[in-house]
**Student:** 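Got a structure here, written out as structure tokens. Questions coming.
Just so it is clear: chains get the letters A, B, ... in the order the sequence lines come, proteins before strands, and each one is counted from 1. FYI, side chains are in, hydrogens and waters are out, and symmetry mates aren't considered; it's all heavy atoms of this structure.
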Amino acid sequence: MNATGPAVVAEGLTKRFRSFTAVDHLDLRIEKGEIAGFIGPNGAGKSTTIRMLCGLLRPSEGRALVAGFDVGQQPEAVREHIGYMSQKFSLYGDLTVRENLRFFGGIYRVARGEMGERTRFAITMAGLQEREDALVRTLAGGWKQRLALGCAILHRPPILFLDEPTSGVEPEARRRFWDLIHELAAGGVTILVSTHYMDEAEYCNRIALIDRGRLVALGTPGQLRSRHLGGELFEIRCTPLGAALHVLQGAAGVIDAAIFGDRLHVVLGPGGLDQAGLPGFLQEHGVSVQAVRTVTPSLEDVFVRLVSTHHGGQDSS
Amino acid sequence: MNIRRVFAMAYKETLQIWRDPRSLAIALLMPLMQMTLLGYGVSLDIKHVPVCVYDQENNQQTRGIVERLVSSGWFSISRTLTRQTGIRRAMDRGECIAAIVIPANFSRELAATGSAPVQAILDATDVNTTNIAIGYLQGVVAQINAALDAQWAEAHGVKGSLAGQVELAQSTWFNETLDSRNFIIPGVVAVILALVGAQLTSLTIAREWERGTMEQLISTPVTALEVMLGKLVPYFAVGLIDAVFCLASAAWWFRVPFRGNIITLFVTTALFILVVLDIGYLISVRIRSQLGASQVALLITLLPTTLLSGYTFPIDQMPAPIRALTLIVYPRYYVTILRAIFLKGSGLADLWAPSLGLLAYAVIVIWLAARAFQKRLD
């Protein structure tokens, strides 16, 4: 692995399955030590992208370098430098915790002198101290997930690919898993993790929003919040919600308006309506307004907005 | 290739075999069951051939002839007929393979001329059985003739044998008792090992695909050759145990004479097991479902092995194109080797040609299997 280059670079990375394009000219650059999150709905192409980056799928077009090696040309060199956790649990259920670790330790050629320490580390990390000799298929989801992570990092890979590692795991275990990811990143490991849980996006240094095989946005959570909303976000408590939404959607200066629970979220751009003018405008149209306040947009707000404009653009073309 | 990874694969595979005791039991007991089934079921010796008798004369002399048939042990009388037309009906119903017709004037003619005909009518639907039955009949007739000669000689006060009689002196080597079992059983061992061996490994890759463990495995730097060798190690042990079971029951249970040496037997058997396991592995790599792989393994091993390996149907007797085809039927080499080791006591030096055939097979199949294993999902 070269000392200065980025951990992962993709240029025009494309994967087609017959007529279906799963990943469509994806450009990506992930620096060393980053936690990069792949966010997007199911079927957006997150897994396909990760599999291409791990050398498991051959790109139909474009190329990608992982740890400086071309995934299409030198997949074995790539595999020496990565750890991979597939979306579906894929350790051996009929082997015990310790046996799985010993197997992957052998496959990754972890130095014999280090094996004991690495195994202990993985077992402690996964919180499996009492269950080293339990068959893996008898473990609950969170433990399985952490053990899979343990197996994937036995050989101290500089780059780690985690494909929806927390799907189907209860919230408590999810939080614990993200703590582990941050510890690994603090140790210098580059981590590329996909998820469809929007709240998990906040844990990443940088986010790649993927939809329908395309990269829709790339940036830190803060950048995405401010840049992609196109204006300021306000929360309005008013009645009736439906009528308010209707008049706001056509009003000047309104970039976006949506019902959010029992409130309205409205994005106001420059020119047209502003915060001060909002109550008056709504009351003119027969809506009674209880409160208006600015809110920090959640990433979910950003995603909903980005994905809807993205689809709009696609449909009209 | 890295030996550490091969060990890791072998370690994992051994644990998985061990944790699935039912499959292991089947793998170990199946050959013994098949050995019993095929060993007893397939025999070219025919005993108690059902025969109908139409004795038109039916006196003491003719009944004596019928008795000789029965006491030979080769024939049993399934029906005694009183009409010629009964023969056809009995054969149609499968009640007999042969019908013996003794004419009404048999005793008179024998007394007058010194010879008299007995008619044998044979159902030649099953040519093999018929030929053997004819052979037995001739044997019985020869015995009867000898007895008659002796009677005649005694009656006429002639001592010693008749002058000028020519006898064919037969000398049989290697299978002195002409017991077809000695010939068949080594073939049965080869057939069983070919079937069981391919079954053993045919599931090993498909199982990884079906359980989803393959995706993790191919994301590691392990190579195709390491995966194959690692997986073959424990199955090789299972295959050898199966071979020991089969060969031991051939020697001690079926009492096929063993004249060769153990080392030759071990080396050639190990080579054969390597070939059959690798055939199963190659199938497993190509077919990603366990059920499909197992069925393909059965299909492509069963028919060629039973029909073209020469274990029942002699390869020399096949038409030239089929004979050429048998060259790719790998069990034929092992059938030849086993028969030679058991019955002739041949050593490796005598068996270089079929051994080389197996070796070539092993190398080619290993190469194909290693190439066929792709570390990709698409």
**Student:** Answer yes or no: are there more than 12 heavy-atom neighbours, outside B:Met30 itself, under 6.0 Å from its atom CE?
**Tutor:** no
**Student:** Counting only heavy atoms not in A:Phe17, do more than 12 fall under 6.0 Å of its CZ?
**Tutor:**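 Yes, enclosed.
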**Student:** Could you pull out the closest heavy-atom pair between A:Arg58 and B:Asp378, with the gap in Å?
**Tutor:**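 Looks like N-OD2, 3.2 Å.
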**Student:** With a cut-off of 6.0 Å (strictly less than), are more than 12 heavy atoms of other residues, nucleotides or ligands near CD of A:Gln129?
**Tutor:** yes
**Student:** Any idea which heavy atoms bring B:Gln16 and A:Leu95 closest together, and the distance?
**Tutor:**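 For B:Gln16 and A:Leu95, the tightest heavy-atom pair comes out as CG-CD1, 3.6 Å.
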**Student:** Please flag which part of A:Arg109 lies under 4.5 Å from any non-hydrogen atom of chain B: side chain, backbone, both or neither.
**Tutor:** both
**Student:** Would you compute the distance between atom CG of A:Leu91 and atom CG of B:Leu217 and round it to the nearest 0.5 angstrom?
**Tutor:** 11.5 Å
**Student:** What are the two closest heavy atoms between B:Ala8 and A:Ile107, and how far apart are they?
**Tutor:**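 Looking at all heavy atoms of both residues, the shortest contact is CB-N, 3.9 Å.
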**Student:** Heavy-atom distance under 4.5 Å to chain B: side chain of A:Phe161, backbone, both or neither?
**Tutor:**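 Neither part.
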**Student:** Compare every heavy atom of B:Arg19 with every heavy atom of A:Leu135, then report the nearest pair and how far apart it is.
**Tutor:** CD2-NH1, 3.7 Å
**Student:** Please classify the contact of B:Phe7 with chain A as side chain, backbone, both or neither, using a heavy-atom distance under 4.5 Å.
**Tutor:**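 Looking at B:Phe7, nothing touches chain A.
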**Student:** Between the main-chain N or O of B:Arg376 and the side-chain N or O of A:Arg51, is there a donor-acceptor pair closer than 3.5 Å?
**Tutor:**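 Checking the backbone N and O of B:Arg376 against the side chain of A:Arg51, no donor-acceptor pair under 3.5 Å is found.
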**Student:** Run the side-chain hydrogen bond (donor to acceptor under 3.5 Å, both in side chains) check on A:Tyr84 and B:Glu215 step by step: do they pass?
**Tutor:** CA-CA 9 Å; A:Tyr84 170 62; B:Glu215 185 161 348; 2.3 Å; yes
**Student:** Could you report the tightest heavy-atom contact between B:Ile218 and A:Arg79, atom names first, then the distance?
**Tutor:**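 That closest heavy-atom pairing would be O-NE, 2.8 Å.
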**Student:** For B:Gln216 and A:Ser86, work out which heavy atoms get closest and say how close.
**Tutor:**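 Closest pair (atom of B:Gln216, atom of A:Ser86, distance): OE1-N, 3.8 Å.
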**Student:** Taking everything shown except B:Arg4 itself, do over 12 heavy atoms lie less than 6.0 Å from its CZ?
**Tutor:** yes
**Student:** Can you tell me how far apart CZ (A:Phe103) and CE (B:Met9) are? Round to the nearest 0.5 Å.
**Tutor:**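 Taking CZ in A:Phe103 and CE in B:Met9, the distance rounds to 5.0 Å.
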**Student:** For chain B, which of A:Arg112, A:Lys88, A:Met85 has the most heavy-atom pairs under 4.5 Å?
**Tutor:** A:Arg112
**Student:** In Å and rounded to the nearest 0.5 Å, what is the CD to OG distance from B:Glu208 to A:Ser90?
**Tutor:** 10.0 Å
**Student:** Heavy-atom pairs under 4.5 Å with chain B are the metric here; pick the option from A:Phe89, A:Tyr92, A:Tyr108 that has the most.
**Tutor:** A:Tyr92
**Student:** Quick check for you: among A:His155, A:Glu76, A:Glu99, A:Arg102, which has the greatest number of heavy-atom pairs under 4.5 Å with chain B?
**Tutor:** A:Glu99
**Student:** Specify which of B:Thr220, B:Asp20, B:Leu15 makes the most heavy-atom pairs with chain A at under 4.5 Å.
**Tutor:**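 Most heavy-atom pairs within the cutoff with chain A belong to B:Thr220.
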**Student:** Non-hydrogen atoms of chain A under 4.5 Å away: do they reach the side chain of B:Glu226, the backbone, both or neither?
**Tutor:**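 Interface part for B:Glu226: neither.
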**Student:** For A:Pro75, which atoms come within 4.5 Å of any heavy atom of chain B: side chain, backbone, both, or neither?
**Tutor:**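 Answer is side chain: those atoms of A:Pro75 sit under 4.5 Å from chain B.
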**Student:** State, yes or no, whether a side-chain contact exists between A:Phe104 and B:Lys12 at a heavy-atom distance under 4.5 Å.
**Tutor:** no
**Student:** Compare all side-chain heavy atoms of B:Arg211 with those of A:Arg137 and state whether any distance is below 4.5 angstrom.
**Tutor:**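 Sidechains of A:Arg137 and B:Arg211: no contact.
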